[in-house]
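Sequence lines set the chain letters: A, B, ... in the order given, protein chains first and strands last, and positions in each chain run from 1. This structure is a prediction, so every number in the text was calculated from the model and none was measured.
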Amino acid sequence: MAVSYNHIEIETKWRKKWEENPINVNDGKKPKYYCLDMFPYPSGAGLHVGHWRGYVISDVWARYKMMDGGHYVIHPMGWDAFGLPAENYAIKTGQHPAISTADNVANIRKQIDQIGAIRDWDMEVNTTDPAFYKWTQWIFVQMFKHGLAYEKEMPLNWCPSCKAVLANEEVVDGKCERCGSEVTKKNLRQWMLKITKYADRLLEGLDGLEWPEKVKKMQTDWIGRSYGAEVQFKIDGSDEEITVYTTRPDTLYGATFMVLAPEHELVAKITTPEQKEAVEAYCAAAANKSSVDRVQNKEKTGVFTGSYAINPLNGEKLQIWLSDYVLADYGTGAIMCVPAHDDRDFAFAKKFGLPIVQVISKDGKEDPDMQEAYTEASGTMINSGEWNGMESSVLKEEAPIMIEKKGLGKKTVNYKLRDWVFSRQRYWGEPIPIVHCPDCGPVAVPEDQLPVLLPDVESYQPTDTGESPLAAIDSWVNTTCPCCGKPAKRETNTMPQWAGSSWYFLRYVDAHNDKELVSREKADKYLPVDMYIGGVEHAVLHLLYSRFYTKFLHDIGVVSFEEPFTRLFNQGMILGPKGVKMSKSLGNVVSPDDMVRDYGCDSLRIYELFIGPPQQDSAWDERGIDGVNRFLNKFWNVACDSIEADVKETPEMVKLRHKLIADITMRLDQFALNTVVSKFMEYNNQMAKMVQECGGVDKTTIETYITLLAPFAPHLCEELWERCGHKETIFHNAWPKSDASLAADDVKEVPVQLNGKIKAVIKLSVDASKEEALEAAKKAVADKIQGAQIIKEIYVAGKILNLVIKK
RNA sequence: GCCGGUGUGGCGGAAUUGGCAGACGCAGCAGACUCAAAAUCUGCCGAUCGCAAGGUUGUGUGGGUUCGAGUCCCACCACCGGCACCA
């Protein structure tokens, strides 16, 4: 009689046993495997079924690695606990963020425990723990000492709702990545990290990584390296020069005017008295434009400065204009305009009636009536003096060198990547460990005085002025200069949330070290991360910042490797039942807690995998878990019956066993976890038939199945393993190996086609000759080929037999 | 606009990479068990024509390559994601 297994009893029992006797122990001899989840922000809302998915995937993988290859698995968990929600909650309720954070951590810790994952909580880290952020600050001090952290006043992205500056990576479509408010510009003095110094290494390091191509591409585009030339243009009647950056120096003869960004430093100097009023009005208007306006409105605007530049090659006079389509912070903030070969310059020239000179021709002839810019670098040079007749693609490569030889400019490289704006005007973050001294300037807090503790404040309210709430605590702000001992003031900005997450993965393996960030010995032994699992939303944020930090820590000798995450897997989101993102405000958040209670952890684990391909978004359908639960119950009965019946193995059972091993292992290695589950169901259905026919399957087969299923349904499988008579945990079992010769079929069903259409299926022995196969096939379709002429016979052994006929 | 990705039953999805399309599961329908229901079990389940055997058609659209195409090639459409005046 079919019975349901008691998931509450079994799961409680094994949870307790694993706690008493941990299954994942480091004996110092086993090879390590570091399988990491992106650590969560401990939000008050707790975990939903979407968080579960990533943690289930990583735990299945960790347990598989533990069995396959006998690894000691590093599979830790921690808390990315600085950040705005806790601070906003504090503003509303007056409760200190540390208290609400601790509550949330405790709650989520319970939820994570329900997943039944292997976790070593001795490694737990929390970014808000002074013992942890001491090292976040220490890294900043090292960067400061190496000239990578510097202060700069510049127009910055400002979120008026969060009341804080944002890094470029945090601005999406001109809006705040976190709250969606329109981002404005604000001129502020801020701390910057020189991530641009690592641009080339960040780009080149991507090559060796087993990451999704999509993420590599996003980082490549974000870094945005381009090759070209800087060219100097003299200003007519002045000693000043304008330097432009161009990727198309081959079109230099076609430059007919120039455009500077409204913020360019020469604007005031080159504006003529007649144009002064118009220029000032234009610059003021540009300064007030929001990022959204600037991005969305592509209609060209501009104003003439009244001055002219000289084309260095042909001496032509070029009008100098201002326009906000030229960005102040890319290249040199000034461009030479070649309307014939650039869409934007073309639109600008058409609008303001500026000359257009074609210098590249597809067919060697000039087009007297250009309707759009010809932007490809292929064709013959015309109107280009000594360059006439050259192939433009060749010239594009050679022009920078030729220009450099003539002393008109130089070959250069440019990047879209900007330095990282690293300070935030908020309370709940790591204080930046700097003291400002009137005599010595900014001075790093000495390492033996770290951490600089975050003080308590009266009010968490951020200000509109760009000052942190910390600035109001005189007793904390006023200190002495570590250098000269005179009165000085502390830096009151805090670090962005990304600071702790940029290096936390290093800390897990030596979480209690109070002398070093991580000991070199442990770093060499346990790092880097072998498999990193998390959402794709951090492609250019956390994942780029972590690579930058790791490269820096490599350069100062803390670690010996340059890339933190060898392999990356991005799991898809679990969407709400209607296919929209789960969110508190939409009220479509599904909590795992009830399902764990009703169906058990093992059922939910498997359903999270079965719902769809792991890298793809999937809409939650709560009915689907019934199918998985039925499968586990069915398997429970098959296993119990087989253990009891203790039948002798048959050739069918041996074949099933070896096919099962091969199928599951291959799909697991391909990360096709949803199909692993369907294969388990298929084989279980076959075994259920064997139970009906012969009372059960043999002991080896059922034990093999239990072993393979163990990473997916660990509690159930441990219980069954024990019922098979084993004393030791199933997870110390080696991963079964398949013998291909035992898995192979000796008779195959082969479809017989006539002209590519299936007309019959015949059974053929795998070693049947072509003649035998053809004979059998012709017999099977005899009535259909009567009177027809067979033109061609195709036989692919074990797969297909096709007869091409003509009537 | 540029660059990626995806498109298969009522639904989630499978197809060992060019060889039986729709595995597995959900939902649905019919039956068994039951006084009844739930649970469980058995069968059916793309469309279309047919009483049936069986035929035709079918993987976003149109073409092509091939004995054979969901899979490869060309053109297009739709949706999703990334970047977006980067010279």
J.: Go along nucleotides 2-18 of chain B 5' to 3' and tag each nucleotide: B for a protein heavy atom under 4.0 Å from its base, S when only backbone or sugar atoms are that close, - otherwise.
T.: -S--------BSSS---
J.: Where do N or O atoms of nucleotides 63-67 of chain B meet protein N or O atoms at under 3.5 Å, pair by pair?
T.:
unit_1	atom_1	unit_2	atom_2	d
B:rC67	OP1	A:K792	NZ	3.2
B:rC67	O2'	A:N802	ND2	3.1
B:rC67	O2	A:N802	ND2	2.4

J.: Which whole number of Å gives the distance between the P atom of B:rC74 and that of B:rA21?
T.: 26 Å
J.: Using the C1' atom on both, measure B:rA23 against B:rU16 and round to a whole Å.
T.: 12 Å
J.: With a 4.0 Å limit, can you tell me whether A:N685 has a side-chain N or O closer than that to the phosphate oxygens OP1/OP2 of B:rG25?
T.: yes
J.: Going by side chain to side chain donor-acceptor pair (under 3.5 Å), name the pairs with one or both residues in residues 752-763 of chain A, residues two or more places apart or in two chains.
T.: none
J.: Residues in ring-ring contact (aromatic ring centres under 6.0 Å, His included) with A:H542, at least two apart?
T.: A:Y532, A:H538
J.: Restricting to ring-ring contact (aromatic ring centres under 6.0 Å, His included), what partner residues turn up for A:F304, sequence neighbours left out?
T.: A:Y308, A:W321
J.: Identify the nucleotide, in any strand shown, that forms a Watson-Crick or G-U wobble pair with B:rG58, with both distances under 3.5 Å; if there is none, say none.
T.: none
J.: Closest to the A:I800 side chain: B:rC20, B:rC24, B:rC83?
T.: B:rC20
J.: Could you check which of B:rA87, B:rU42, B:rC85 has an atom nearest any side-chain atom of A:K300?
T.: B:rC85
J.: Tell me if B:rU40 is syn or anti. Syn = glycosidic torsion within 90° of 0, anti otherwise.
T.: anti
J.: A:D669: which residues meet the side chain to side chain donor-acceptor pair (under 3.5 Å) condition with it, sequence neighbours left out?
T.: A:Y64
J.: Counting only side-chain nitrogens and oxygens, does A:Y325 get under 4.0 Å of the OP1 or OP2 atom of B:rA87?
T.: no
J.: Extract from the structure each pairing of a protein N or O with an N or O of nucleotides 56-59 of chain B at less than 3.5 Å, listing the distance.
T.:
unit_1	atom_1	unit_2	atom_2	d
B:rU57	OP2	A:K757	NZ	3.1

J.: Within less than 4.0 Å of OP1 or OP2 of B:rC26, is there a side-chain N or O belonging to A:R630?
T.: yes
J.: My understanding is that only residues two or more places apart in sequence, or in another chain, count here; which of them pass side chain to side chain donor-acceptor pair (under 3.5 Å) with A:S384?
T.: none
J.: Which atom pairs, one a donor and one an acceptor, fall under 3.5 Å between side chains of residues 670-677 of chain A and the rest of the protein, sequence neighbours left out?
T.:
unit_1	atom_1	unit_2	atom_2	d
A:T675	OG1	A:R667	NH1	3.1
A:T675	OG1	A:A672	O	2.9

J.: Got a sec, which residues hit side chain to side chain donor-acceptor pair (under 3.5 Å) with A:Y705, two or more places apart in sequence or on another chain?
T.: none
J.: With sequence neighbours left out, write down each residue that passes ring-ring contact (aromatic ring centres under 6.0 Å, His included) with A:Y253, or none if nothing qualifies.
T.: A:W387
J.: If the condition is side chain to side chain donor-acceptor pair (under 3.5 Å), which residues does A:D221 pass it with, not counting sequence neighbours?
T.: A:K217
J.: Which base sits across from B:rC83 as a Watson-Crick or G-U pair, both distances under 3.5 Å?
T.: B:rG1
